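The structure appears below as structure tokens.
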Amino acid sequence: MYALHVMPGHLIRRLNQISMAIFNDRITEMGLDLTSVQFCALIMLSERPGIDQATLAGLIAYDRATIGGVLDRLDAKGLISRQIHPRDRRARMLKLTPAGDALLAVVLPEVQALQHDILAGLPPEDRSEFLRLLQVLTDAGNELSRAPLVLPESR
């Protein structure tokens with residue numbers, strides 16, 4: 001075993017590769033064109049319709065400079081709408097369109113099901129502890145991220 005193969009950063013990167021492969025394979029099998037970040041944006045806009053681009057970026061821990069491209073692609077697919085914010089003409093309020101709602105209704109159960117596949121290497125009794133520890137690590141390192149998670153309560 002090489003030292004690399006026991007380094008947390010390397011293992012986390014590998015687990016991310018595995019997670020992304022499972023997500024991408026399942027979405028492709030469904031005949032859809034949707035990235036994991038686009039999925040995250042759809043979920044958050046479903047939960048918080050009318051938020052602006054900067055708020056969305058914070059809520060999904062995505063870079064504010066590149067979230068615009070994600071939204072451009074969702075808009076081009078007819079999955080979201082953008083409306084001028086009544087109090088700030090530079091900002092756009094984001095909402096799912098009926099097509100976005102419909103797509104999310106189809107995709108969400110599949111994405112929830114594939115979470116089991118991502119954790120398949122762990123015995124069921126260890127999964128909640130693994131997720132708890134992942135949450136501890138991501139919370140502790142949040143401010144070190146180039147795109148930290150920003151919850152509305154912490155603004």
Side-chain angles (χ1 to χ4, degrees), residues 8-9 11-119 127-155:
L11 294 171
I12 292 166
R13 182 185 65 80
R14 292 275 299 125
L15 185 56
N16 181 61
Q17 288 175 321
I18 293 163
S19 171
M20 295 306 300
I22 292 169
F23 178 90
N24 292 335
D25 289 350
R26 188 73 49 90
I27 294 299
T28 299
E29 287 169 8
M30 296 176 72
L32 299 173
D33 175 26
L34 189 71
T35 67
S36 63
V37 174
Q38 290 171 353
F39 171 76
C40 290
L42 293 177
I43 286 284
M44 198 50 60
L45 292 177
S46 172
E47 294 176 3
R48 300 186 59 104
I51 60 175
D52 63 30
Q53 181 172 317
T55 302
L56 175 63
L59 288 170
I60 65 172
Y62 200 72
D63 182 62
R64 287 175 68 169
T66 55
I67 191 73
V70 172
L71 296 173
D72 289 344
R73 288 181 285 285
L74 289 172
D75 191 15
K77 294 175 186 180
L79 302 175
I80 66 164
S81 68
R82 301 176 187 182
Q83 299 172 351
I84 295 173
H85 196 287
R87 291 184 301 273
D88 182 355
R89 299 197 54 76
R90 297 168 296 165
R92 300 288 182 267
M93 297 183 317
L94 306 168
K95 294 182 181 179
L96 291 183
T97 62
D101 277 324
L103 177 66
L104 193 54
V106 169
V107 172
L108 183 57
E110 291 294 326
V111 173
Q112 287 170 328
L114 69 80
Q115 302 308 303
H116 173 78
D117 298 340
I118 293 168
L119 299 177
R127 293 176 187 172
S128 62
E129 180 64 5
F130 177 72
L131 292 172
R132 185 189 72 75
L133 291 171
L134 278 178
Q135 190 68 60
V136 168
L137 288 171
T138 56
D139 289 349
N142 189 53
E143 295 307 315
L144 300 174
S145 173
R146 290 184 181 165
L149 177 67
V150 180
L151 298 175
E153 300 77 26
S154 64
R155 285 191 156 188

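Note that the numbering runs from 1 along the sequence shown for the chain. Here the structure is a predicted model, which is why all the values come from computation and not from measurement.
Atom OG1 of Thr97 sits about 5.5 Å away from atom CG of Leu79, to the nearest 0.5 Å. To the nearest 0.5 Å, atoms CG (Leu137) and CG (Asn142) are separated by 12.0 Å. In this structure, Asp52 CG and Arg87 CZ are separated by 10.0 Å, a value rounded to the nearest 0.5 Å. Rounding to the nearest 0.5 Å gives a distance of 9.0 Å between OG of Ser19 and CG of Leu119. With values rounded to the nearest 0.5 angstrom, His85 atom NE2 is found 10.0 Å from Leu94 atom CG. Rounded to the nearest 0.5 Å, atoms CE (Met93) and CD1 (Ile84) are 9.5 Å apart.
Two residues are said to be in side-chain contact when any heavy atoms from C-beta on lie closer than 4.5 Å; Asn16 and Ile12 fail this criterion. Taking the side chain as every heavy atom from C-beta outward, Ile60 and Ile67 approach each other to under 4.5 Å.
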What verdict does the side-chain contact (heavy atoms from CB on, under 4.5 Å) test give for Leu56 and Leu71, after you've listed the backbone C-alpha separation in whole Å, the side-chain angles of each residue and the deciding distance to 0.1 Å? CA-CA 10 Å; Leu56 175 63; Leu71 296 173; 3.7 Å; yes
Would Leu59 and Leu151 count as a side-chain contact (heavy atoms from CB on, under 4.5 Å) if you check the C-alpha gap in whole Å, the side-chain angles of each, and the deciding distance to 0.1 Å? CA-CA 6 Å; Leu59 288 170; Leu151 298 175; 4.3 Å; yes
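Atom CZ of Arg14 has 12 or fewer heavy atoms from other residues, nucleotides or ligands within 6.0 Å.
Without hydrogens or angle criteria, Arg48 side chain to Thr55 main chain gives no donor-acceptor distance under 3.5 Å.
Here Asp63 pairs with nothing under the salt bridge (Lys or Arg N to Asp or Glu O under 4.0 Å) rule; sequence neighbours left out. For the side-chain hydrogen bond (donor to acceptor under 3.5 Å, both in side chains) test, residues two or more places apart in sequence or in another chain that qualify with Gln135 are Asp139. Residues satisfying the side-chain hydrogen bond (donor to acceptor under 3.5 Å, both in side chains) test with Asn24, not counting sequence neighbours, are none. Taking the side-chain hydrogen bond (donor to acceptor under 3.5 Å, both in side chains) definition, one finds that Arg132 meets it with Glu129, sequence neighbours left out.
In terms of heavy-atom proximity, Ala99 sits nearest to Gly78 at CB-O, 3.6 Å. The minimum heavy-atom distance linking Arg64 with Ala54 is given by the pair NH2-CB, 3.3 Å.
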Only distances under 3.5 Å count here; give the side-chain donor-acceptor pairs of residues 35-44 to other protein atoms, sequence neighbours excluded, each with its distance to 0.1 Å.
| from | atom 1 | to | atom 2 | distance (Å) |
| --- | --- | --- | --- | --- |
| Thr35 | OG1 | Gln38 | N | 3.0 |
| Gln38 | OE1 | Thr35 | N | 3.1 |
| Gln38 | OE1 | Lys77 | NZ | 3.0 |

Between side-chain atoms of residues 100-118 and protein atoms elsewhere (two or more places apart, or another chain), which donor-acceptor pairs fall under 3.5 Å?
| from | atom 1 | to | atom 2 | distance (Å) |
| --- | --- | --- | --- | --- |
| Gln115 | NE2 | Val111 | O | 2.9 |
| His116 | ND1 | Arg127 | NH1 | 2.8 |
| Asp117 | OD2 | Arg26 | NH2 | 2.4 |

